[in-house]
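Here's the structure we're looking at; comments come further down.
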2 protein chains.
Amino acid sequence: MSKSRTSAARAEVADIDSPGAALGGLDAQVGFVLRLAQVAVFKDLIEALRPFGLRPTDFSVLLVIEATPGLKQQAVGEALSIQRPNLVTIIDQLEGRGLVKRGAAPGDRRSYALALTPDGEKLLAQAKTAHMEHADRVTAALGDMDRQMVLEALSRIARMA
Amino acid sequence: MSKSRTSAARAEVADIDSPGAALGGLDAQVGFVLRLAQVAVFKDLIEALRPFGLRPTDFSVLLVIEATPGLKQQAVGEALSIQRPNLVTIIDQLEGRGLVKRGAAPGDRRSYALALTPDGEKLLAQAKTAHMEHADRVTAALGDMDRQMVLEALSRIARMA
DNA sequence: TATTGTTATACTCTATAACTATA
DNA sequence: TATAGTTATAGAGTATAACAATA
């Protein structure tokens, strides 16, 4: 009965001499490796965007605004799960760099219509190229594995709640 | 030429009326969905461990110590990529709750030999059950998809750097 | 009364420098 | 001189409450 587990095939060996201690089966858990993968991808992305002075969040905000100009801050925040107070700072910085402008929102003087400036468009175009190279590195890491299938698996997990 | 991309099949539609703004193709990126999946899994894990007063990191530390009793703090930190100063606080708390003890390390009075107390063993056993249920929820989200294959894909991405 | 953006603030996680006691 | 643990601290990232202007 000691082997009756639902699915996991765990590493049971605790080799005290191994490089780094045994992980107690953690390394066979989807959640644990998921975290490792996410950290690795994020590190690569951060470096890819650094030359443009953009963090991943900044980049995603620019992408969303480009996809739907005239968006309100709230809509951007909802799309990316960024709390409204935190988005204020992000937009402040992007606006301060002349990449985004807070335009007048037609028919609602409480909110702004966000749009990229020409400089914003230009920088985003360059950042997109770097991001594509980053995405290619992720895809390359998958080797012969089906990228669409991995995407589907991750989507299912993301919707798990 | 506008469609010549390495691999991604992007959503090109920017529907301003959709629930949440268009993501500018972000939702077709492995890295982005990877983050969503990681957040979802982490939230589920946090809730699964909450009844035991353990955060995911605490749980992983207990697992590593159980797998290899006598481990030094540094070894635990290396195994889990936790900075030494940060691990001090974690062990302090676990020791304060009587779950872990800092024993004498044979032949080196600078370091401690970490071990679980009987209470630690008991709590970890319970937490492991909750963790297994959590892991089952993750697996269930994958439906008919091959769990080992997903694990392999994530491992490859994690080693991408 | 509800909503948008804002301010202030706090909490967690993570990272670094410097100290101590041992080796 | 180097290492294990510690202390203090700083920086992200994220979260909530409350306010002003507007709806």
Side-chain angles (χ1 to χ4, degrees), chain A residues 20-21 32 35-36 38-43 45-47 49-50 53-61 65 70-96 100-115, chain B residues 20-21 32 35-36 38-43 45-47 49-50 53-61 64-65 68 70-96 100-115:
Chain A
F32 185 75
R35 181 180 141 259
L36 294 181
Q38 207 272 321
V39 168
V41 169
F42 220 63
K43 274 187 183 160
L45 178 59
I46 287 172
E47 290 312 312
L49 294 177
R50 186 186 302 282
L54 298 174
R55 294 157 301 181
T57 303
D58 301 321
F59 178 71
S60 66
V61 166
I65 295 176
L71 226 46
K72 299 182 296 179
Q73 285 183 198
Q74 191 184 22
V76 175
E78 279 170 10
L80 296 168
S81 297
I82 301 174
Q83 302 294 323
R84 269 69 76 210
N86 298 330
L87 191 59
V88 171
T89 312
I90 294 168
I91 300 291
D92 278 352
Q93 293 166 347
L94 294 175
E95 192 182 36
V100 164
K101 74 165 179 286
R102 284 173 163 116
D108 191 339
R109 284 186 303 173
R110 293 173 303 181
S111 56
Y112 298 115
L114 298 175
Chain B
F32 185 75
R35 180 179 142 260
L36 295 182
Q38 206 272 321
V39 168
V41 169
F42 221 63
K43 273 186 182 160
L45 178 59
I46 287 172
E47 291 312 312
L49 295 176
R50 186 186 301 282
L54 298 174
R55 294 158 301 181
T57 303
D58 301 322
F59 177 71
S60 66
V61 166
V64 167
I65 295 175
T68 314
L71 227 46
K72 298 183 297 178
Q73 284 183 198
Q74 190 184 25
V76 175
E78 279 169 10
L80 295 169
S81 298
I82 301 173
Q83 302 292 322
R84 268 69 77 209
N86 297 331
L87 190 59
V88 171
T89 311
I90 296 169
I91 300 291
D92 278 353
Q93 293 166 345
L94 294 176
E95 191 183 36
V100 163
K101 75 166 180 284
R102 285 173 161 114
D108 191 340
R109 285 187 302 175
R110 293 173 303 181
S111 57
Y112 299 115
L114 297 175

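Heavy-atom basis, side chains included; hydrogens, waters and symmetry copies ignored. So you know, we letter chains A, B, ... as the sequences are listed, proteins then strands, and number each from 1.
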What distance do [X] atom [atom1] and [Y] atom [atom2] have between them, rounded to the nearest 0.5 Å?
| X | Y | atom1 | atom2 | answer |
| --- | --- | --- | --- | --- |
| Glu78(B) | Gln83(B) | CD | CD | 10.5 Å |
| Arg50(B) | Leu45(B) | CZ | CG | 11.0 Å |
| Leu87(A) | Lys72(A) | CG | NZ | 13.0 Å |
| Leu80(A) | Thr57(A) | CG | OG1 | 8.0 Å |
| Asn86(B) | Ile91(B) | CG | CD1 | 12.0 Å |

Using whole Å, report how far [atom1] of [X] lies from [atom2] of [N].
| X | N | atom1 | atom2 | answer |
| --- | --- | --- | --- | --- |
| Leu87(B) | dT7(D) | CG | C1' | 15 Å |
| Gln38(B) | dT14(D) | CD | P | 11 Å |
| Leu114(A) | dT4(C) | CG | P | 13 Å |
| Ile91(A) | dG5(C) | CD1 | P | 9 Å |
| Ile82(B) | dT14(C) | CD1 | P | 8 Å |
| Glu95(B) | dG5(D) | CD | P | 12 Å |
| Phe42(A) | dT14(C) | CZ | P | 13 Å |
| Arg84(B) | dT14(C) | CZ | P | 14 Å |

Practice problem: Kindly say whether, by distance alone, the side chain of Asp108(B) makes a donor-acceptor pair under 3.5 Å with the base of dA4(D)? | Solution: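 By the distance-only test, no, there is no pair.
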Minimum-distance nucleotide to [X] side chain [options: [options]]:
| X | options | answer |
| --- | --- | --- |
| Arg55(B) | dT6(C), dT14(D), dC13(C) | dC13(C) |
| Asp92(B) | dT16(C), dG5(C), dT7(D) | dT7(D) |
| Arg110(B) | dA2(D), dT4(C), dG5(D) | dA2(D) |
| Pro85(B) | dA8(C), dA17(C), dG13(D) | dA17(C) |
| Gln74(B) | dG5(C), dA17(C), dG5(D) | dG5(D) |
| Lys72(A) | dG5(C), dG5(D), dA15(C) | dG5(C) |

For [N] and [X] - does any side-chain N or O of the residue sit under 4.0 Å from the phosphate oxygens OP1/OP2?
| X | N | value |
| --- | --- | --- |
| Arg109(B) | dG5(D) | no |
| Arg102(A) | dT6(C) | yes |
| Gln83(B) | dA15(C) | yes |

